[in-house]
Amino acid sequence: MPVGHGFSRRVLPVIIAVLFSAAAELPAQATPPKADAPKAAAKPWYESFRIRGYGQIRYNRLGETNDQLQCEQCDRSWGQNGGFFIRRARLIVQGQIHPQVYIYLQPDFASTVGTSGNVAQLRDWYVDVGIDQENEFRFRVGQSKVPFSYENMQSSSNRLPLDRADATNSANANERDLGVFFMWAPKVARARLAELTSNTGKGSGDYGVFAIGAFNGQTANRADANDNQHVVARLTYPIKLRSQIVEPAIAAYTGLYTVTADQRSTGVKGRADWTYRDERVLATLNVTPRPFGVLAEYNIGRGPEYTPARDSIETRSLHGGFVTATYKVTRNKQVLFPFLRYQVYEGGKKQERDARSHSVNDIEFGVEWQPNPSFELVTEWYHGDRRFEDRLKPRNRQRGSLFRIQAQFNY
(Lines give C-alpha, C1' and ligand atoms only; values in the text may rest on other atoms or scores of the structure.)
Protein backbone atom coordinates (compact mmCIF):
# COMPACT_ATOMS: atom_id res chain seq x y z
CA MET A 1 0.00 0.00 0.00
CA PRO A 2 1.40 3.42 -0.88
CA VAL A 3 2.61 5.51 2.01
CA GLY A 4 0.35 8.45 1.13
CA HIS A 5 -2.76 6.31 1.20
CA GLY A 6 -1.94 5.01 4.70
CA PHE A 7 -1.33 8.55 6.01
CA SER A 8 -4.65 9.88 4.80
CA ARG A 9 -6.48 6.86 6.19
CA ARG A 10 -5.04 7.40 9.65
CA VAL A 11 -4.72 11.21 9.90
CA LEU A 12 -7.75 12.61 8.02
CA PRO A 13 -10.30 11.14 10.47
CA VAL A 14 -8.44 12.88 13.33
CA ILE A 15 -8.40 16.28 11.54
CA ILE A 16 -12.12 16.02 10.73
CA ALA A 17 -12.93 15.15 14.35
CA VAL A 18 -10.97 18.17 15.63
CA LEU A 19 -12.72 20.58 13.21
CA PHE A 20 -16.19 19.34 14.23
CA SER A 21 -15.25 19.67 17.91
CA ALA A 22 -14.10 23.30 17.40
CA ALA A 23 -17.25 24.17 15.46
CA ALA A 24 -19.39 22.84 18.29
CA GLU A 25 -17.73 25.29 20.72
CA LEU A 26 -18.39 28.45 18.62
CA PRO A 27 -20.83 31.00 20.24
CA ALA A 28 -24.38 30.85 19.07
CA GLN A 29 -24.27 34.36 17.45
CA ALA A 30 -21.60 33.12 15.02
CA THR A 31 -24.32 31.15 13.25
CA PRO A 32 -25.64 33.26 10.33
CA PRO A 33 -29.30 34.24 10.61
CA LYS A 34 -31.90 32.63 8.45
CA ALA A 35 -32.56 34.42 5.20
CA ASP A 36 -36.24 34.81 6.00
CA ALA A 37 -35.77 36.26 9.56
CA PRO A 38 -38.16 39.23 10.05
CA LYS A 39 -36.64 42.76 10.36
CA ALA A 40 -37.42 45.13 13.24
CA ALA A 41 -40.31 47.44 12.38
CA ALA A 42 -39.38 51.08 11.78
CA LYS A 43 -40.63 53.51 14.44
CA PRO A 44 -43.64 55.51 13.15
CA TRP A 45 -42.87 59.22 12.66
CA TYR A 46 -45.70 60.29 14.99
CA GLU A 47 -44.03 58.43 17.88
CA SER A 48 -40.90 60.58 17.51
CA PHE A 49 -42.47 63.80 18.77
CA ARG A 50 -41.92 65.32 22.20
CA ILE A 51 -44.25 67.89 23.78
CA ARG A 52 -42.97 70.27 26.46
CA GLY A 53 -43.18 73.94 27.42
CA TYR A 54 -42.94 76.59 30.10
CA GLY A 55 -44.83 79.59 31.45
CA GLN A 56 -43.85 82.79 33.26
CA ILE A 57 -45.92 85.07 35.51
CA ARG A 58 -44.47 88.39 36.70
CA TYR A 59 -45.04 91.34 38.97
CA ASN A 60 -42.74 94.34 38.48
CA ARG A 61 -43.99 97.16 40.69
CA LEU A 62 -42.67 96.39 44.16
CA GLY A 63 -40.68 99.38 45.45
CA GLU A 64 -41.16 101.23 42.16
CA THR A 65 -39.82 104.81 42.27
CA ASN A 66 -40.89 106.05 38.80
CA ASP A 67 -43.92 104.69 36.95
CA GLN A 68 -42.77 106.45 33.74
CA LEU A 69 -39.65 104.29 33.52
CA GLN A 70 -40.62 101.75 30.86
CA CYS A 71 -39.19 99.44 28.21
CA GLU A 72 -41.57 98.41 25.43
CA GLN A 73 -39.33 95.68 24.02
CA CYS A 74 -38.45 94.33 27.48
CA ASP A 75 -41.70 93.91 29.41
CA ARG A 76 -44.90 95.84 28.71
CA SER A 77 -46.09 95.50 32.31
CA TRP A 78 -43.38 97.87 33.54
CA GLY A 79 -44.58 101.19 34.94
CA GLN A 80 -47.94 102.91 34.94
CA ASN A 81 -50.99 100.61 34.84
CA GLY A 82 -48.81 97.52 35.10
CA GLY A 83 -49.86 94.60 37.26
CA PHE A 84 -49.67 90.83 37.32
CA PHE A 85 -48.59 89.77 33.86
CA ILE A 86 -48.29 86.51 31.92
CA ARG A 87 -44.97 87.09 30.20
CA ARG A 88 -44.78 83.77 28.35
CA ALA A 89 -47.02 80.72 27.88
CA ARG A 90 -45.15 78.40 25.53
CA LEU A 91 -46.00 74.98 24.14
CA ILE A 92 -43.28 73.23 22.15
CA VAL A 93 -43.68 70.30 19.78
CA GLN A 94 -40.42 68.86 18.47
CA GLY A 95 -39.26 65.61 16.96
CA GLN A 96 -36.68 63.76 14.88
CA ILE A 97 -39.21 62.44 12.38
CA HIS A 98 -36.45 60.99 10.19
CA PRO A 99 -32.74 60.37 10.97
CA GLN A 100 -32.00 63.49 8.91
CA VAL A 101 -35.16 65.55 9.41
CA TYR A 102 -35.96 67.41 12.65
CA ILE A 103 -39.05 69.58 13.16
CA TYR A 104 -39.73 72.28 15.79
CA LEU A 105 -42.96 74.19 16.45
CA GLN A 106 -43.45 76.77 19.23
CA PRO A 107 -46.46 79.07 19.63
CA ASP A 108 -46.76 81.58 22.48
CA PHE A 109 -50.17 82.08 24.06
CA ALA A 110 -49.17 85.25 25.94
CA SER A 111 -48.11 87.55 23.09
CA THR A 112 -49.14 91.20 22.99
CA VAL A 113 -50.67 92.60 19.79
CA GLY A 114 -51.53 96.30 20.02
CA THR A 115 -53.45 96.75 23.26
CA SER A 116 -54.48 93.10 23.50
CA GLY A 117 -52.57 90.65 25.66
CA ASN A 118 -52.52 86.86 25.90
CA VAL A 119 -52.81 86.47 22.13
CA ALA A 120 -51.61 83.26 20.48
CA GLN A 121 -48.78 83.93 18.04
CA LEU A 122 -46.21 81.81 16.23
CA ARG A 123 -42.68 82.00 17.60
CA ASP A 124 -40.85 79.11 15.88
CA TRP A 125 -41.71 76.81 13.04
CA TYR A 126 -38.75 75.31 11.24
CA VAL A 127 -37.29 72.12 9.83
CA ASP A 128 -33.64 71.02 10.09
CA VAL A 129 -32.58 68.90 7.12
CA GLY A 130 -29.31 67.01 7.60
CA ILE A 131 -26.91 66.63 4.67
CA ASP A 132 -24.81 63.81 6.16
CA GLN A 133 -25.63 60.82 8.36
CA GLU A 134 -24.40 62.55 11.55
CA ASN A 135 -26.27 65.80 10.75
CA GLU A 136 -23.07 67.77 11.20
CA PHE A 137 -24.06 69.71 8.07
CA ARG A 138 -27.67 70.85 7.95
CA PHE A 139 -30.06 73.46 6.60
CA ARG A 140 -32.68 75.16 8.76
CA VAL A 141 -35.75 76.36 6.86
CA GLY A 142 -38.58 78.38 8.42
CA GLN A 143 -39.03 80.91 11.21
CA SER A 144 -36.41 80.56 13.93
CA LYS A 145 -33.99 82.58 15.99
CA VAL A 146 -31.43 84.45 13.94
CA PRO A 147 -27.91 83.09 14.74
CA PHE A 148 -26.43 86.38 15.96
CA SER A 149 -26.38 87.09 19.72
CA TYR A 150 -25.79 84.35 22.33
CA GLU A 151 -28.34 85.86 24.73
CA ASN A 152 -30.88 86.18 21.90
CA MET A 153 -30.46 82.50 21.02
CA GLN A 154 -30.59 81.46 24.69
CA SER A 155 -34.09 80.39 25.72
CA SER A 156 -35.93 82.70 28.09
CA SER A 157 -36.42 79.63 30.27
CA ASN A 158 -32.62 79.51 30.75
CA ARG A 159 -31.69 83.20 30.87
CA LEU A 160 -30.98 84.71 34.30
CA PRO A 161 -32.00 88.43 33.93
CA LEU A 162 -35.71 88.77 33.34
CA ASP A 163 -35.27 90.59 30.02
CA ARG A 164 -32.72 90.43 27.23
CA ALA A 165 -30.23 93.28 26.97
CA ASP A 166 -31.31 96.26 24.82
CA ALA A 167 -27.97 96.46 23.03
CA THR A 168 -28.25 93.04 21.38
CA ASN A 169 -31.99 92.38 21.49
CA SER A 170 -32.61 95.55 19.46
CA ALA A 171 -31.12 93.65 16.50
CA ASN A 172 -34.18 91.38 16.17
CA ALA A 173 -37.53 91.82 17.86
CA ASN A 174 -38.57 88.47 19.37
CA GLU A 175 -35.11 87.26 18.23
CA ARG A 176 -36.61 85.56 15.18
CA ASP A 177 -37.21 85.90 11.47
CA LEU A 178 -38.19 83.84 8.45
CA GLY A 179 -35.34 82.52 6.33
CA VAL A 180 -32.90 79.78 5.42
CA PHE A 181 -29.73 79.07 7.43
CA PHE A 182 -26.87 76.66 6.80
CA MET A 183 -25.24 75.30 9.98
CA TRP A 184 -22.19 73.13 10.57
CA ALA A 185 -20.89 71.65 13.81
CA PRO A 186 -18.70 68.56 14.37
CA LYS A 187 -20.08 65.79 16.57
CA VAL A 188 -17.93 66.71 19.60
CA ALA A 189 -19.09 70.34 19.49
CA ARG A 190 -22.76 69.33 19.19
CA ALA A 191 -22.37 67.11 22.25
CA ARG A 192 -20.96 70.03 24.28
CA LEU A 193 -23.70 72.41 23.15
CA ALA A 194 -26.33 69.83 24.12
CA GLU A 195 -24.65 69.37 27.50
CA LEU A 196 -25.00 73.08 28.28
CA THR A 197 -28.75 73.10 27.70
CA SER A 198 -29.53 69.84 29.50
CA ASN A 199 -28.10 70.33 33.01
CA THR A 200 -28.56 73.97 34.10
CA GLY A 201 -25.57 75.02 32.00
CA LYS A 202 -27.46 78.09 30.71
CA GLY A 203 -26.61 77.20 27.11
CA SER A 204 -27.80 78.92 23.95
CA GLY A 205 -28.69 75.75 22.05
CA ASP A 206 -27.17 74.27 18.92
CA TYR A 207 -27.00 76.86 16.14
CA GLY A 208 -23.84 75.36 14.71
CA VAL A 209 -20.17 76.17 15.09
CA PHE A 210 -20.50 78.04 11.81
CA ALA A 211 -23.78 79.44 10.55
CA ILE A 212 -24.65 81.54 7.53
CA GLY A 213 -28.02 82.41 6.07
CA ALA A 214 -30.52 84.85 4.64
CA PHE A 215 -33.75 86.13 6.24
CA ASN A 216 -36.45 88.71 5.50
CA GLY A 217 -35.09 91.29 7.94
CA GLN A 218 -38.39 92.86 9.07
CA THR A 219 -38.40 90.74 12.30
CA ALA A 220 -40.69 87.86 13.26
CA ASN A 221 -44.20 87.49 11.83
CA ARG A 222 -43.74 90.43 9.45
CA ALA A 223 -43.49 90.21 5.67
CA ASP A 224 -40.50 91.47 3.71
CA ALA A 225 -41.00 95.16 2.85
CA ASN A 226 -38.18 96.01 0.44
CA ASP A 227 -37.36 93.00 -1.80
CA ASN A 228 -34.01 92.68 -0.05
CA GLN A 229 -32.98 89.94 2.39
CA HIS A 230 -30.61 90.31 5.33
CA VAL A 231 -27.50 88.11 5.41
CA VAL A 232 -26.03 86.84 8.70
CA ALA A 233 -22.95 84.80 9.65
CA ARG A 234 -21.67 83.51 12.99
CA LEU A 235 -18.56 81.59 14.09
CA THR A 236 -18.10 80.01 17.52
CA TYR A 237 -16.60 76.98 19.28
CA PRO A 238 -17.23 75.50 22.77
CA ILE A 239 -13.76 74.89 24.26
CA LYS A 240 -13.43 72.38 27.10
CA LEU A 241 -11.11 73.62 29.87
CA ARG A 242 -11.16 71.07 32.69
CA SER A 243 -14.70 71.32 34.12
CA GLN A 244 -15.45 74.58 32.29
CA ILE A 245 -16.67 75.21 28.77
CA VAL A 246 -15.61 78.54 27.30
CA GLU A 247 -17.37 79.71 24.15
CA PRO A 248 -16.08 82.77 22.23
CA ALA A 249 -17.98 83.92 19.13
CA ILE A 250 -18.11 86.57 16.46
CA ALA A 251 -21.13 87.41 14.30
CA ALA A 252 -22.32 89.97 11.78
CA TYR A 253 -25.36 90.78 9.65
CA THR A 254 -26.24 93.32 6.97
CA GLY A 255 -29.36 94.30 5.07
CA LEU A 256 -32.02 96.96 4.53
CA TYR A 257 -34.84 97.71 6.97
CA THR A 258 -38.04 99.54 6.01
CA VAL A 259 -39.88 101.56 8.67
CA THR A 260 -43.42 100.72 7.57
CA ALA A 261 -46.45 103.02 7.87
CA ASP A 262 -47.74 101.33 11.03
CA GLN A 263 -44.39 102.06 12.71
CA ARG A 264 -44.37 105.82 11.97
CA SER A 265 -46.03 108.81 13.62
CA THR A 266 -48.01 111.19 11.42
CA GLY A 267 -45.75 113.97 10.15
CA VAL A 268 -42.40 112.41 11.00
CA LYS A 269 -39.72 113.01 8.36
CA GLY A 270 -37.49 110.41 6.71
CA ARG A 271 -36.23 108.95 3.46
CA ALA A 272 -38.63 108.84 0.54
CA ASP A 273 -38.76 105.04 0.60
CA TRP A 274 -38.39 104.79 4.41
CA THR A 275 -35.65 102.19 3.87
CA TYR A 276 -32.38 102.28 5.84
CA ARG A 277 -29.11 100.40 6.05
CA ASP A 278 -29.22 97.92 8.97
CA GLU A 279 -25.97 96.16 9.92
CA ARG A 280 -23.98 95.09 12.97
CA VAL A 281 -20.85 93.26 14.13
CA LEU A 282 -20.85 91.45 17.49
CA ALA A 283 -18.35 89.75 19.81
CA THR A 284 -19.33 87.25 22.53
CA LEU A 285 -17.58 85.49 25.40
CA ASN A 286 -19.46 82.90 27.45
CA VAL A 287 -18.03 80.97 30.42
CA THR A 288 -20.35 78.23 31.67
CA PRO A 289 -21.29 78.59 35.39
CA ARG A 290 -19.22 75.74 36.93
CA PRO A 291 -19.55 77.25 39.46
CA PHE A 292 -18.57 80.79 38.35
CA GLY A 293 -19.91 81.95 35.02
CA VAL A 294 -19.93 85.06 32.86
CA LEU A 295 -21.62 86.12 29.63
CA ALA A 296 -20.43 89.29 27.86
CA GLU A 297 -21.49 90.68 24.48
CA TYR A 298 -20.83 93.93 22.63
CA ASN A 299 -21.98 95.08 19.20
CA ILE A 300 -21.48 98.09 16.94
CA GLY A 301 -23.23 99.06 13.72
CA ARG A 302 -25.76 101.40 12.19
CA GLY A 303 -29.48 101.45 11.62
CA PRO A 304 -32.59 103.65 11.51
CA GLU A 305 -32.98 105.99 14.49
CA TYR A 306 -35.19 108.97 15.30
CA THR A 307 -33.32 112.30 15.59
CA PRO A 308 -35.29 114.76 17.78
CA ALA A 309 -33.30 117.81 16.60
CA ARG A 310 -34.49 117.29 13.01
CA ASP A 311 -37.73 115.39 13.73
CA SER A 312 -36.48 112.79 11.30
CA ILE A 313 -35.68 109.08 11.02
CA GLU A 314 -32.10 108.72 9.81
CA THR A 315 -29.37 106.11 9.46
CA ARG A 316 -27.18 106.52 12.54
CA SER A 317 -24.45 104.59 14.33
CA LEU A 318 -25.22 102.41 17.35
CA HIS A 319 -23.17 100.62 19.99
CA GLY A 320 -23.59 98.84 23.29
CA GLY A 321 -23.31 95.65 25.25
CA PHE A 322 -23.60 93.95 28.61
CA VAL A 323 -21.87 91.65 31.05
CA THR A 324 -23.66 89.15 33.30
CA ALA A 325 -21.83 87.36 36.12
CA THR A 326 -23.23 84.46 38.14
CA TYR A 327 -22.28 81.71 40.58
CA LYS A 328 -23.99 78.33 40.70
CA VAL A 329 -24.81 76.93 44.15
CA THR A 330 -26.25 73.39 44.57
CA ARG A 331 -27.65 72.25 47.92
CA ASN A 332 -29.87 69.20 48.54
CA LYS A 333 -30.76 68.97 44.83
CA GLN A 334 -31.81 72.62 44.82
CA VAL A 335 -29.98 75.12 42.61
CA LEU A 336 -29.34 78.83 43.18
CA PHE A 337 -27.95 81.29 40.63
CA PRO A 338 -27.18 84.71 42.16
CA PHE A 339 -26.39 87.08 39.28
CA LEU A 340 -25.37 90.65 38.44
CA ARG A 341 -25.73 92.40 35.06
CA TYR A 342 -24.63 95.79 33.76
CA GLN A 343 -25.61 97.07 30.31
CA VAL A 344 -25.26 100.15 28.11
CA TYR A 345 -26.73 101.05 24.71
CA GLU A 346 -26.81 104.07 22.41
CA GLY A 347 -28.88 103.76 19.27
CA GLY A 348 -32.25 103.18 17.69
CA LYS A 349 -34.75 100.34 17.93
CA LYS A 350 -35.93 99.86 14.38
CA GLN A 351 -39.13 97.97 15.25
CA GLU A 352 -40.44 100.59 17.72
CA ARG A 353 -42.37 103.71 16.73
CA ASP A 354 -40.30 106.11 14.64
CA ALA A 355 -37.27 103.83 15.18
CA ARG A 356 -37.25 105.21 18.72
CA SER A 357 -33.91 106.63 19.91
CA HIS A 358 -32.49 105.05 23.07
CA SER A 359 -29.80 105.68 25.63
CA VAL A 360 -29.58 102.94 28.28
CA ASN A 361 -27.45 102.65 31.41
CA ASP A 362 -28.79 99.89 33.69
CA ILE A 363 -27.68 97.66 36.53
CA GLU A 364 -29.58 94.76 38.06
CA PHE A 365 -28.90 91.95 40.48
CA GLY A 366 -30.98 89.04 41.66
CA VAL A 367 -31.17 85.33 42.27
CA GLU A 368 -32.79 82.42 40.47
CA TRP A 369 -33.96 79.56 42.72
CA GLN A 370 -34.77 76.11 41.34
CA PRO A 371 -36.17 73.89 44.13
CA ASN A 372 -36.99 71.26 41.48
CA PRO A 373 -36.81 70.99 37.67
CA SER A 374 -40.47 72.00 37.28
CA PHE A 375 -40.44 75.32 39.15
CA GLU A 376 -38.19 78.39 39.25
CA LEU A 377 -38.48 81.67 41.14
CA VAL A 378 -36.51 84.78 40.17
CA THR A 379 -36.29 87.91 42.30
CA GLU A 380 -34.44 90.92 40.92
CA TRP A 381 -33.66 94.52 41.86
CA TYR A 382 -33.29 96.87 38.91
CA HIS A 383 -32.03 100.44 38.57
CA GLY A 384 -32.20 102.21 35.23
CA ASP A 385 -31.36 105.49 33.54
CA ARG A 386 -33.14 105.49 30.17
CA ARG A 387 -33.73 107.98 27.38
CA PHE A 388 -36.33 106.79 24.85
CA GLU A 389 -37.53 109.41 22.36
CA ASP A 390 -39.83 109.48 19.33
CA ARG A 391 -41.95 112.15 17.65
CA LEU A 392 -44.63 111.96 20.34
CA LYS A 393 -42.03 112.27 23.12
CA PRO A 394 -38.98 114.07 21.68
CA ARG A 395 -37.57 114.80 25.16
CA ASN A 396 -37.99 111.83 27.44
CA ARG A 397 -35.43 110.64 29.98
CA GLN A 398 -36.49 108.56 32.98
CA ARG A 399 -34.58 107.24 36.00
CA GLY A 400 -35.76 104.90 38.70
CA SER A 401 -35.62 101.53 40.38
CA LEU A 402 -37.99 98.68 41.07
CA PHE A 403 -38.12 95.18 42.52
CA ARG A 404 -39.26 92.41 40.15
CA ILE A 405 -40.42 88.85 40.74
CA GLN A 406 -41.16 85.98 38.34
CA ALA A 407 -42.52 82.47 38.79
CA GLN A 408 -41.67 80.00 36.01
CA PHE A 409 -43.25 76.61 35.43
CA ASN A 410 -41.50 74.00 33.29
CA TYR A 411 -43.48 71.08 31.92
Inset, instruction - Compute both the distance and the angle, then confirm whether Lys202 meets the cation-pi test with Phe337: under 6.0 Å from the six-membered ring centre, within 45 degrees of the axis. - result: yes

Inset, instruction - Mind listing the closest non-hydrogen atom pair of Gln100 and Asp132 along with its distance? - result: NE2-O, 3.4 Å

Legend entry - Pair Asp362-Tyr345, side-chain donor/acceptor within less than 3.5 Å: no

Legend entry - Lys240 atom NZ, neighbour heavy-atom count above 12 within 6.0 Å: yes

Legend entry - Distance-only side-chain donor-acceptor flag, Asn135 / Asp128, under 3.5 Å: no

Inset, instruction - State whether the number of non-hydrogen atoms from other residues, nucleotides or ligands found under 6.0 Å of Ile86 atom CD1 is greater than 12. - result: no

Inset, instruction - Determine yes or no for a side-chain-to-main-chain donor-acceptor pair under 3.5 angstrom, with Gln343 supplying the side chain and Asp166 the backbone. - result: yes

Inset, instruction - Classify the side-chain pair Arg88/Ser156 by whether it contains a donor and acceptor separated by less than 3.5 Å. - result: yes

Legend entry - Carboxylate-amine/guanidinium proximity below 4.0 Å for Arg395 and Glu389: no

Inset, instruction - Enter the distance from Gln351:CD to Arg356:CZ here, rounded to the nearest 0.5 Å. - result: 9.5 Å

Legend entry - NZ/NE/NH1/NH2 to OD/OE distance under 4.0 Å, Asp311 and Arg391: yes

Inset, instruction - Going by the ring-ring contact (aromatic ring centres under 6.0 Å, His included) test, name the single residue among Tyr342, Trp78, Phe403 that passes it with Tyr382. - result: Trp78

Inset, instruction - Would you tell me whether Asn221 and Gln143 have side-chain atoms, one donor and one acceptor, within less than 3.5 Å of each other? - result: yes

Legend entry - Main-chain N/O of Pro238 paired with Arg192 side-chain donor or acceptor, under 3.5 Å: yes

Inset, instruction - Say whether Arg159 and Gln154, considering side chains only, have a donor N or O and an acceptor N or O under 3.5 Å apart. - result: no

Inset, instruction - Count the heavy atoms belonging to other residues, nucleotides or ligands that lie under 6.0 Å from OH of Tyr327, then report whether that count exceeds 12. - result: no

Inset, instruction - Check whether NZ of the Lys or CZ of the Arg Arg140 lies under 6.0 Å from the centre of the six-membered ring of Tyr207 and within 45 degrees of that ring's axis. - result: yes

Legend entry - Output field: ring centroids Phe139/Phe182 closer than 6.0 Å: yes

Legend entry - Residue pair Ser111, Arg123: steps toward the side-chain hydrogen bond (donor to acceptor under 3.5 Å, both in side chains) verdict: CA-CA 10 Å; Ser111 296; Arg123 282 294 178 263; 3.1 Å; yes

Legend entry - Donor-acceptor under 3.5 Å (Asn174 side chain, Arg176 main chain): no

Inset, instruction - Decide if the gap between the ring center of Tyr257 and the ring center of Tyr276 is smaller than 6.0 angstrom. - result: no

Inset, instruction - Could you tell me the separation between the CZ atom of Arg164 and the OG atom of Ser149, rounded to the nearest 0.5 Å? - result: 8.0 Å

Legend entry - No-hydrogen, no-angle side-chain donor-acceptor test under 3.5 Å, Asn299 and Glu297: no

Inset, instruction - Of all the heavy-atom pairs spanning Lys349 and Ser170, show the shortest one and how long it is. - result: CG-CB, 3.9 Å

Inset, instruction - For the residue pair Asn81 and Asp67, establish whether any side-chain heavy-atom pair is separated by less than 4.5 Å. - result: no

Inset, instruction - Report the C-alpha separation of Glu376 and Asn410 in whole Å, then their side-chain angles, then the decisive distance to 0.1 Å, and conclude whether the side-chain hydrogen bond (donor to acceptor under 3.5 Å, both in side chains) test is met. - result: CA-CA 8 Å; Glu376 300 175 15; Asn410 306 311; 3.3 Å; yes

Inset, instruction - Decide if atom CD1 of Ile92 counts as having more than 12 heavy atoms of other residues, nucleotides or ligands within a radius under 6.0 Å. - result: yes

Legend entry - Short side-chain donor-acceptor distance under 3.5 Å, Asn396 and Gln398: yes

Inset, instruction - Measure from the side-chain N and O atoms of Lys350 to the backbone N and O of Ala171, and report whether any donor-acceptor pair falls under 3.5 Å. - result: yes

Legend entry - For the student: nearest non-hydrogen atoms of Pro304 and Ala355, plus distance: O-CB, 3.6 Å

Inset, instruction - For the pair Glu380 (side chain) and Arg404 (backbone), establish whether a donor and an acceptor sit closer than 3.5 Å, ignoring hydrogens and angles. - result: no

Legend entry - Residues that Gln244 engages under side chain to side chain donor-acceptor pair (under 3.5 Å), provided they are two or more places apart: none

Inset, instruction - Assign the ring pair Tyr102 / Tyr126 to parallel, tilted or perpendicular, where the plane angle (0 to 90°) is split at 30° and 60°. - result: tilted

Legend entry - Check against salt bridge (charged side-chain N to carboxylate O under 4.0 Å, His left out), Glu72 and Lys393: CA-CA 14 Å; Glu72 179 181 303; Lys393 292 184 177 180; over 6 Å; no

Legend entry - salt bridge (Lys or Arg N to Asp or Glu O under 4.0 Å) contacts touching residues 248-263 (sequence neighbours left out): Arg222-Asp262

Inset, instruction - Could you check Phe148, Phe181, Phe215 and say which one makes a ring-ring contact (aromatic ring centres under 6.0 Å, His included) with His230? - result: Phe215

Inset, instruction - Examine the side chains of Thr258 and Asn226 and answer whether a donor and an acceptor come within less than 3.5 Å of each other. - result: yes

Legend entry - Euclidean distance, Arg290 CZ relative to Arg242 CZ, rounded to 0.5 Å: 14.5 Å

Inset, instruction - Could you point out which residue of Val146, Asn169, Asp124 forms a side-chain contact (heavy atoms from CB on, under 4.5 Å) with Glu175? - result: Asn169

Inset, instruction - Could you name each residue pair satisfying disulfide (SG to SG under 2.5 Å) that touches residues 63-113, not counting sequence neighbours? - result: Cys71-Cys74

Inset, instruction - Mind listing the closest non-hydrogen atom pair of Ile97 and Ser48 along with its distance? - result: CA-CB, 4.3 Å

Legend entry - Main-chain N/O of Thr307 paired to Ser312 side chain as donor or acceptor, under 3.5 Å: no

